[in-house]
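First up is the structure itself, then whatever we jot down about it.
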2 protein chains.
Amino acid sequence: MDKYLHVSFSALGDSTRLAVVERLLQGPASVSELAEPHAMALPAFTKHLGILERAGLIRSEKQGRVRTCFVQTPAIQAIDTWLAQRRALWASRYDNLDHLMSRLNGVKNDDPAI
Amino acid sequence: MDKYLHVSFSALGDSTRLAVVERLLQGPASVSELAEPHAMALPAFTKHLGILERAGLIRSEKQGRVRTCFVQTPAIQAIDTWLAQRRALWASRYDNLDHLMSRLNGVKNDDPAI
DNA sequence: AGATAACTTAACCATATGGATAAGTATCTG
DNA sequence: CAGATACTTATCCATATGGTTAAGTTATCT
């Protein structure tokens, strides 16, 4: 599970798909409801849904002619867990501050930014 | 910042790059140190570093002939914040459980939505 | 039954991605 | 100064990605 996290990240690495997941966090929706805000033809859009579904981020069920999609929270929770397990590390890594401080100290200050 | 989150996700959507970030969470490292565990030629590897750097997930500095890389925690924190802001939503979305229960109950229960 | 709605499938296309080699550029080390 | 180190830059290549249009396939509505 934790081993294929990059698949989840990859699925979220597209603005359309990220928006779909955000929308589904509000509740289930049909394919056309989900597609409506996105300026692209349906076949392109359903490909995105396929990628999200194969990544385990969403699930869908067809009833009659309408397919309803649901967010799959375990996959999102897996990302959250990954971050939580590393939070102690990135919370203590202030390499950036080191860098910033050396600049503020006037050392080879080529970028006055900030 | 929050608007380009998919760029961060995309950068982490590759096993090599995800591993690099995990490695850098332990502390800074040179390009060749980072490349060593990955079975690919250097040019391919440095492309990955470029993607991580453009996504703002890492930073690097060259001193002499060795380039040292650092994880950029703000980008990771942005992902964490995004999840935190939506945690209430995905923590309460038990569409999956609904689904499971309707099957166990043998009921054609399509959406009892809370 | 015929029309419409809600997808699906198929075929195609341009560009991006992830890799490889080969050769080049600084920067140490002896 | 002559290597050796540590990348860089430049090409190149196969496949994946994100999009298109056209033509199905099933439901549902009138």
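The sequence lines fix the lettering, A, B, ..., with proteins before strands; numbering per chain opens at 1.
For the side chain to side chain donor-acceptor pair (under 3.5 Å) condition, the pairs that include at least one residue of residues 7-23 of chain A, sequence neighbours left out, are Arg17(A)-His48(A), Glu22(A)-Trp82(B), Glu22(A)-Arg86(B).
One interatomic measurement links the two molecules: NZ of Lys47(B) to P of dG19(C), which rounds to 9 Å at whole-angstrom precision. Taking atom NZ of Lys62(B) as the reference point, atom P of dA6(D) lies 12 Å away to the nearest angstrom. Going from atom NE2 of His48(A) over to atom P of dT8(C) covers 15 Å, rounded to whole Å. In this structure, Arg17(A) atom CZ and dG19(D) atom C1' are separated by 13 Å, rounded to whole Å. If you take NE2 of His38(B) and P of dG19(C), they are 10 Å apart, rounded to a whole angstrom. Rounded to an integer number of Å, the gap from CD of Glu33(A) to P of dA5(C) is 16 Å. A straight line from CE of Met40(A) to C1' of dC13(C) spans 16 Å, rounded to a whole angstrom. Here the C1' atom of nucleotide dA23(C) and the CG atom of Leu42(B) are 14 Å apart, to the nearest Å.
If you check every strand for non-hydrogen atoms under 4.0 Å, Ser30(A) touches sugar and phosphate atoms only.
For Glu53(A) (side chain) and Ser60(A) (main-chain N/O), a donor-acceptor pair under 3.5 Å exists by modelled atom type.
Considering only side-chain N and O atoms, Ser32(A) lies nowhere under 4.0 angstrom from the phosphate OP1 or OP2 of dA5(C).
Between the side chain of Arg65(B) and the base of dT5(D) there is at least one donor-acceptor pair of N/O atoms closer than 3.5 Å.
Closest contact between the side chain of Val66(A) and the listed nucleotides dA6(C), dA22(C), dG19(C) involves dA6(C).
Two residues, Thr46(B) and Asp14(A), neighbour DNA chain D, and the one matched to the more 5' nucleotide by heavy-atom proximity is Thr46(B).
Hydrophobic clustering (side-chain heavy atoms under 4.5 Å, transitive across Ile, Leu, Val, Met, Phe, Trp, Tyr) groups Leu89(A) together with Leu12(B).
Judged as a side chain to side chain contact (heavy atoms under 4.5 Å, CB included), and not counting sequence neighbours, the contacts of Ser32(B) are Ser30(B).
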